Amino acid sequence: GEIMLYNFNDIKNLKDQLEFVDTAVIPFVSADLDEQALTHANDIELVQLVTIQLEKQFKGRIFITPAMTTVLSDTEVLKQYQKQLYDYGFKNVVILTHLNLDDEFNSIRLNQIPLQDMSSDIKFDLVNDEVKKVMKSIISIWNS
């Protein structure tokens with residue numbers, strides 16, 4: 001299986017692969033420039049690092065969408081996009097986020113990790129822990 005990226009060819013072939021690629025993952029991040037702005041920047045970096053690893057581990061099983069951004073915790077666009085993905089034919093839609101979302105979303109919450117303070121090997125270990133946690137959550141969704 002190839003890595004599913006959001007580009008012309010992958011979208012062109014997506015419909016044919018839905019029996020294998022049945023899970024869409026939406027990275028969902030806050031871009032608020034508020035007093036938490038530095039935390040949000042860190043969260044965005046962590047989501048990106050986790051997403052890259054997920055794509056490698058679950059080649060051909062998951063489709064990772066472009067990251068969606070919220071301000072003021074608004075989830076209206078996320079709701080609409082989730083519906084589009086289900087309508088398109090995905091069995092599962094998983095939101096990867098640091099935010100606290102309602103139960104109408106199947107979300108996996110990442111820990112907040114102060115990445116900027118860490119040496120690269122510690123950072124690598126912590127990112128890998130998050131990746132493992134997300135993989136376990138996705139596998140348990142597949143098994144439910």
Side-chain angles (χ1 to χ4, degrees), residues 1-33 36-116 118 120-144:
E2 286 301 297
I3 294 181
M4 297 297 289
L5 292 171
Y6 207 94
N7 62 35
F8 181 88
N9 275 338
D10 281 345
I11 298 299
K12 199 172 67 141
N13 300 323
L14 190 56
K15 268 284 190 226
D16 305 333
Q17 299 190 21
L18 279 176
E19 58 183 306
F20 311 111
V21 183
D22 61 2
T23 303
V25 177
I26 308 173
F28 187 59
V29 296
S30 168
D32 287 307
L33 273 174
Q36 296 287 307
L38 290 173
T39 304
H40 300 322
N42 236 331
D43 293 348
I44 290 169
E45 185 186 351
L46 182 63
V47 166
Q48 286 170 337
L49 293 169
V50 169
T51 303
I52 290 163
Q53 289 306 319
L54 267 187
E55 223 151 22
K56 286 182 185 152
Q57 300 299 330
F58 282 147
K59 279 203 274 268
R61 278 300 313 265
I62 64 173
F63 174 69
I64 297 179
T65 74
M68 298 201 76
T69 308
T70 183
V71 292
L72 302 174
S73 301
D74 182 16
T75 56
E76 204 41 56
V77 174
L78 184 62
K79 256 176 227 164
Q80 291 172 28
Y81 195 39
Q82 177 176 257
K83 183 183 181 316
Q84 279 189 7
L85 289 164
Y86 281 127
D87 290 348
Y88 191 84
F90 285 99
K91 284 195 197 76
N92 309 297
V93 178
V94 179
I95 321 292
L96 198 58
T97 189
H98 289 89
L99 303 167
N100 220 338
L101 298 178
D102 309 340
D103 289 344
E104 67 190 293
F105 296 108
N106 205 346
S107 66
I108 300 174
R109 274 189 78 188
L110 297 173
N111 286 310
Q112 281 181 317
I113 301 171
L115 295 169
Q116 77 285 352
M118 298 183 176
S120 54
D121 51 339
I122 297 286
K123 190 161 150 174
F124 181 81
D125 284 348
L126 288 168
V127 169
N128 269 352
D129 288 346
E130 293 299 297
V131 172
K132 283 180 196 146
K133 181 179 87 174
V134 173
M135 287 177 68
K136 281 181 188 154
S137 301
I138 290 175
I139 289 167
S140 73
I141 289 166
W142 288 341
N143 287 324
S144 61

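Keep in mind that what you see is a predicted model, and the values were worked out from it rather than measured. Heads up: numbering here begins at 1 and tracks the sequence.
Considering only heavy atoms from C-beta on, Val25 stays 4.5 Å or farther from Thr51 through its side chain. The side-chain heavy atoms of Lys133 and Glu130, taken from C-beta on, include a pair separated by under 4.5 Å. Between Val134 and Val94 there is no side-chain heavy-atom pair separated by less than 4.5 Å. Side-chain atoms of Leu14 and Tyr88, non-hydrogen and from C-beta on, do get closer than 4.5 Å to each other. Contact of the Thr65 side chain with the Leu85 side chain is registered, since non-hydrogen atoms from C-beta on lie closer than 4.5 Å. At least one side-chain heavy atom of Phe90 sits less than 4.5 Å from a side-chain heavy atom of Val21. Looking at heavy atoms from C-beta onward, Leu101 lies in side-chain contact with Phe28 at the 4.5 angstrom threshold. Side-chain contact between Val29 and Gln48 is absent, with no heavy atoms from C-beta onward closer than 4.5 Å.
Atom CG of Leu49 is separated from atom CG of Leu110 by 10.5 Å, given to the nearest 0.5 angstrom. Taken to the nearest 0.5 Å, the CG atom of Asn13 stands 11.0 Å off from the CG atom of Leu18. Atom NZ of Lys136 and atom CD1 of Ile141 lie 14.5 Å apart (nearest 0.5 Å). Note: Leu96 CG to Ile26 CD1 = 10.5 Å, rounded to the nearest 0.5 Å. Between the CG atom of Asn92 and the CH2 atom of Trp142 there is a distance of 8.5 Å, given to the nearest 0.5 Å. Taken from CZ in Phe63 to CD in Glu55, the straight-line distance is 9.0 Å, to the nearest 0.5 Å.
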Pairs under 3.5 angstrom only: tabulate donor-acceptor contacts from the side chains of residues 121-129 to other protein residues two or more places apart or in another chain.
| unit_1 | atom_1 | unit_2 | atom_2 | d |
| --- | --- | --- | --- | --- |
| Asp121 | OD1 | Ser119 | OG | 2.7 |
| Lys123 | NZ | Glu45 | OE2 | 3.3 |

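The environment of Lys79 atom NZ is dense: over 12 non-hydrogen atoms of other residues, nucleotides or ligands sit within 6.0 angstrom.
Of the possible polar contacts, one joining the Asp32 side chain to the Leu72 backbone as a donor-acceptor pair under 3.5 Å is found. Between the His98 side chain and the Arg109 main chain, no donor and acceptor come within less than 3.5 Å of each other.
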Subject >> Audit row: Leu54, Met135, side chain to side chain contact (heavy atoms under 4.5 Å, CB included) steps and yes/no >> reply: CA-CA 7 Å; Leu54 267 187; Met135 287 177 68; 3.8 Å; yes
Subject >> side chain to side chain contact (heavy atoms under 4.5 Å, CB included) assessment of Thr75 paired with Glu104 >> reply: CA-CA 11 Å; Thr75 56; Glu104 67 190 293; 5.6 Å; no
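The minimum heavy-atom distance linking Thr70 with Ser73 is given by the pair OG1-C, 3.4 Å. Shortest non-hydrogen contact noted between Arg61 and Phe20 is NE-O, 3.3 Å. Contact detail for Pro27 and Ile64: the closest heavy-atom pair is CG-CG2, 4.0 Å. The minimum heavy-atom distance linking Leu99 with Thr97 is given by the pair N-OG1, 3.0 Å. The two atoms that bring Met118 and Ile113 nearest to each other are CE-CG2, 3.8 Å, heavy atoms only. Between Ser30 and Ile44 the shortest heavy-atom distance is O-CD1, 3.6 Å.
Under 3.5 Å, the side chains of Gln112 and Asp43 contain a donor-acceptor pair of N or O atoms.
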